[in-house]
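First comes the structure, then the notes that go with it.
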Number of protein chains: 2
Amino acid sequence: MVEDIVKSLGFLCLGSRLRRIGERLQADTQQIMEELGVSLQAAQYPFLAALDRAGPLTVGELAQAVGIAQPGATRTVSQLLEMDYVDIRTSPEDQRRRLVSLTSKGQELVDYSRQSVWPRVEQAVAELCDDFSGPILQHLANIEDGLAAMPLAKRANPNKERKS
Amino acid sequence: MVEDIVKSLGFLCLGSRLRRIGERLQADTQQIMEELGVSLQAAQYPFLAALDRAGPLTVGELAQAVGIAQPGATRTVSQLLEMDYVDIRTSPEDQRRRLVSLTSKGQELVDYSRQSVWPRVEQAVAELCDDFSGPILQHLANIEDGLAAMPLAKRANPNKERKS
DNA sequence: GGTTTTTATATAACATGATATATAACGTGT
DNA sequence: ACACGTTATATATCATGTTATATAAAAACC
């Protein structure tokens, strides 16, 4: 058996590690979804949830809402459009904006998911995390807030005041 | 300003969230590396570290060591070979195995990195994480151990004993 | 009011993970 | 010893993120 170097290196490889854990969680979530008959990628769920919660949103607002870059949102929206879960119309006041909203099929999927899928996933993840004491979500929030306040590159820089 | 739905959904979107945090960390690490003149992708570092620590390794052992699937290891090894950081030779006892080892250029990069790059990255990440009390690494270890012991799909399943 | 800058979205190319499958070498069982 | 199963690696394709850049609409500025 070979040593897990990413684990051994600890903080040095935290990025790789979070990423691989996240991929694992998404893949497992995907499996739960398939077992419950939802034909959707796990990464597309947050888009539907955001639309359900916040009404019609533009592509850019969706990108913000799910926390990814705009081109990723454009792509996912196209896929959801293709699958007929969302509807797109150009904003009348500003023809650059494209307003994305749930179709009735999309709303049905959300309703079903909220009832049958999400509680199960949430419970499973919570069970996975809750065994141990400290609140991991607080940790992650702190990490994200910390990154927003000062990127690693700045933290790594000896003279922290002025940077490129 | 739009609500961060992934953050709001908490455990439900933990996968997406870890992934995006990991990507952010990797990107920031990449920037630190560039500032220090290292022409390497952040994700390739664990491979060099593993080789440095555990001597020549096969492709499969490397995949295990860095915690990814074998095709990913094959690709990264090819890239490192291209950049002349590693050397590959077929194992004499078993011609299926390909033994990967650091070249002198690779070893130099590791030595330089251990001295100048890794401590900085590690310190930056540790500073990012250490402000708050609980040990996040323990959390992540628990998450990974927990996933290994029982995948989410099983945890989500009402009758947990027997599953597909 | 026409030119320039900004903003919103789309597209292209890449990074890095995954799975599924092909191929070739090894080992085994009759 | 040969057929067959196993194992190690490679290849193909996909998922999902990124950055850089193109395009078109809106806003701002003489």
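In what follows, chains carry the letters A, B, and so on, assigned in the order in which the sequence lines appear, proteins first and then strands, with residues in each chain numbered from 1.
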**OP:** List for me each residue that meets salt bridge (Lys or Arg N to Asp or Glu O under 4.0 Å) alongside B/R75, sequence neighbours excluded, and say none if there are none.
**Re:** none
**OP:** Rounded to the nearest angstrom, tell me the gap between atom CG in B/L18 and atom P in C/dG17.
**Re:** 15 Å
**OP:** Please list all pairs passing the ring pair (Phe, Tyr, Trp, His ring centres under 6.0 Å) test where one or both residues lie in residues 40-74 of chain B, with sequence neighbours left out.
**Re:** B/Y45-B/W118
**OP:** Return yes if a side-chain donor-acceptor contact under 3.5 Å exists between A/E3 and A/S8, otherwise no.
**Re:** yes
Subject >> Contacts of A/Q107 that satisfy side-chain hydrogen bond (donor to acceptor under 3.5 Å, both in side chains) - sequence neighbours left out >> reply: A/D52, A/D111
Subject >> B/E93 CD to C/dC26 C1', straight-line distance once rounded to whole Å >> reply: 13 Å
**OP:** Select from A/S91 and A/I68 the residue whose nearest nucleotide in DNA chain D is closer to the 5' end of that strand.
**Re:** A/I68
Original post:
Reading nucleotides 1-9 of chain C 5' to 3', which nucleotides get B (base under 4.0 Å from a protein heavy atom), which S (sugar-phosphate only), which -?
Top reply: ------BSB
**OP:** Check step by step if side-chain hydrogen bond (donor to acceptor under 3.5 Å, both in side chains) holds for B/E82 and B/S78.
**Re:** CA-CA 6 Å; B/E82 190 68 30; B/S78 305; over 6 Å; no
Original post:
Are any side-chain N or O atoms of A/K105 and backbone N or O atoms of A/M83, one a donor and one an acceptor, separated by less than 3.5 Å?
Top reply: yes
Original post:
Going by heavy atoms closer than 4.0 Å, what residues in residues 39-50 of chain A are next to DNA chain D?
Top reply: A/Q41, A/A43
**OP:** Whole angstrom is fine here: how far is it from CD in B/Q79 over to P in C/dC14?
**Re:** 12 Å
Subject >> Closest to the A/Q95 side chain, choosing from D/dG17, C/dC26, D/dA26 >> reply: D/dA26
**OP:** Find the distance A/Q26:CD to D/dT16:P and express it as a whole number of Å.
**Re:** 7 Å
Subject >> Nucleotide of D/dA12, C/dT16, D/dT16 approaching A/R19 most closely (side-chain heavy atoms) >> reply: C/dT16
Subject >> Over all atoms of both residues, closest heavy-atom pair of A/I5 and B/A50 >> reply: CD1-CA, 3.9 Å
**OP:** Return the set of residues passing side-chain hydrogen bond (donor to acceptor under 3.5 Å, both in side chains) with B/Q95 (not counting sequence neighbours), or none when no residue passes.
**Re:** none
